[in-house]
Protein chains: 2
Amino acid sequence: MSETTTWSELRDRRLAEPGATEAYNAARLAFELGAGVRELREARGWSQTQLANAAGMTQSAVARFEAGGAVPTLPVLERLAQALDVELAVRFTPKPMAA
Amino acid sequence: MSETTTWSELRDRRLAEPGATEAYNAARLAFELGAGVRELREARGWSQTQLANAAGMTQSAVARFEAGGAVPTLPVLERLAQALDVELAVRFTPKPMAA
DNA sequence: CCCGGTTATAGCATCGGTGCTATGGCCTGG
DNA sequence: CCAGGCCATAGCACCGATGCTATAACCGGG
């Protein structure tokens, strides 16, 4: 994740346009969720294949998701949560304090 | 909808088939999120058109969303949250208790 | 009675996530 | 060296959410 990747390019471009931060935040969410799933999965000692099987998908789908390759949809998140035996919480919370 | 088939019927039916609860939960999430957005919007005294404008979408999209007509995607939720000046929280939480 | 504002719904095009198969690289154990 | 398990990626078809315009229903005030 260094400056040589297209990541920073994309981010800067998106941050440049006003009101484009949402897409960036969504991508960020995807990445964090992927990392979270990976943690939960590894904590259980499962392989991607096992989790995929439990969640009704294939290993490639799990890999893509954990890599943050796409912003996941709520049904998929729900299935993963169910497979990992955790609860998926999606809610609007009052903003902390920032600008 | 409330003529012969009731909500609880639908729920029970879906809960009956194994592995179908995810889709049901996703739909439920869509509905709850739609209601939540409606609350936040009305609390600000905004019209669907105003919110749509602020969120970079059209009134019809907001209406569809509030009606729970489709399971929203994370980018859309992020934009709505930003327009409503709230934070969108999506996370996996340890399950309270089995059911 | 018409008009402006608001919400709901339909129809349609497009974009993107999902699901799948297949493959390659990597490491470990036999 | 070879076999097997694990992960990453590519390519593709399909489905569904999104975005749009247009329209209907409703209600308020002029």
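Below, all heavy atoms of this structure are taken into account, side chains as well, without hydrogens, waters or symmetry copies. Letters go in sequence order (proteins before strands), and every chain restarts at 1.
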Nucleotides 14-18 of chain C: which of its N/O atoms have a protein N/O under 3.5 Å away?
{"residue": "dT18(C)", "atom": "OP1", "partner": "T73(A)", "partner atom": "N", "Å": "2.4"}
{"residue": "dT18(C)", "atom": "OP1", "partner": "T73(A)", "partner atom": "OG1", "Å": "2.9"}

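Between atom CG of residue L51(B) and atom CZ of residue R38(B) there is a gap of 11.0 Å, rounded to the nearest 0.5 Å.
Nucleotide dG28(D): unpaired (no Watson-Crick or G-U wobble partner with both distances less than 3.5 Å). dG30(C) is paired with dC1(D) under the criterion used here, namely a Watson-Crick or G-U wobble arrangement in which both key atom distances are under 3.5 Å.
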Listing, residues 56-64 of chain A side-chain donor-acceptor contacts under 3.5 Å, not counting sequence neighbours, or none:
{"residue": "T58(A)", "atom": "OG1", "partner": "S60(A)", "partner atom": "OG", "Å": "3.2"}
{"residue": "Q59(A)", "atom": "NE2", "partner": "Q48(A)", "partner atom": "OE1", "Å": "2.9"}

Cut-off 3.5 Å, no hydrogens considered: what does the side-chain donor-acceptor table look like for residues 69-76 of chain A, sequence neighbours left out?
none

Residues 85-93 of chain A side chain polar contacts: donor-acceptor under 3.5 Å, at least two apart:
{"residue": "T93(A)", "atom": "OG1", "partner": "E87(B)", "partner atom": "O", "Å": "3.4"}

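Sorted by first then second residue, the salt bridge (charged side-chain N to carboxylate O under 4.0 Å, His left out) pairs that include residues 51-61 of chain A, not counting sequence neighbours, number zero. Judged as a salt bridge (charged side-chain N to carboxylate O under 4.0 Å, His left out), not a single pair has a partner in residues 44-61 of chain A (not counting sequence neighbours).
For E32(B), the salt bridge (charged side-chain N to carboxylate O under 4.0 Å, His left out) partners two or more places apart in sequence, or in a different chain, are R28(B). Q50(A) is linked by a side chain to side chain contact (heavy atoms under 4.5 Å, CB included) to W46(A), S47(A), counting only residues two or more places apart in sequence or in another chain.
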*Classify every nucleotide of nucleotides 22-30 of chain D by which part a protein heavy atom approaches to under 4.0 Å, writing B for the base, S for the sugar-phosphate alone and - for neither, in 5'-to-3' order.*
---------

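Annotation: proximity of residues 41-52 of chain B to DNA chain C (heavy atom, distance under 4.0 Å) is found for R41(B), S47(B), Q48(B), numbered in ascending order.
More than 12 heavy atoms of other residues, nucleotides or ligands sit less than 6.0 Å from atom CD of E42(B).
Spacing between atom CE of M57(A) and atom C1' of dC20(C) amounts to 12 Å, rounded to whole angstrom units.
Residue V37(A) comes nearest to F65(A) through the heavy atom pair CG2-CE2, 3.3 Å, listed as atom of the first residue, atom of the second, then distance.
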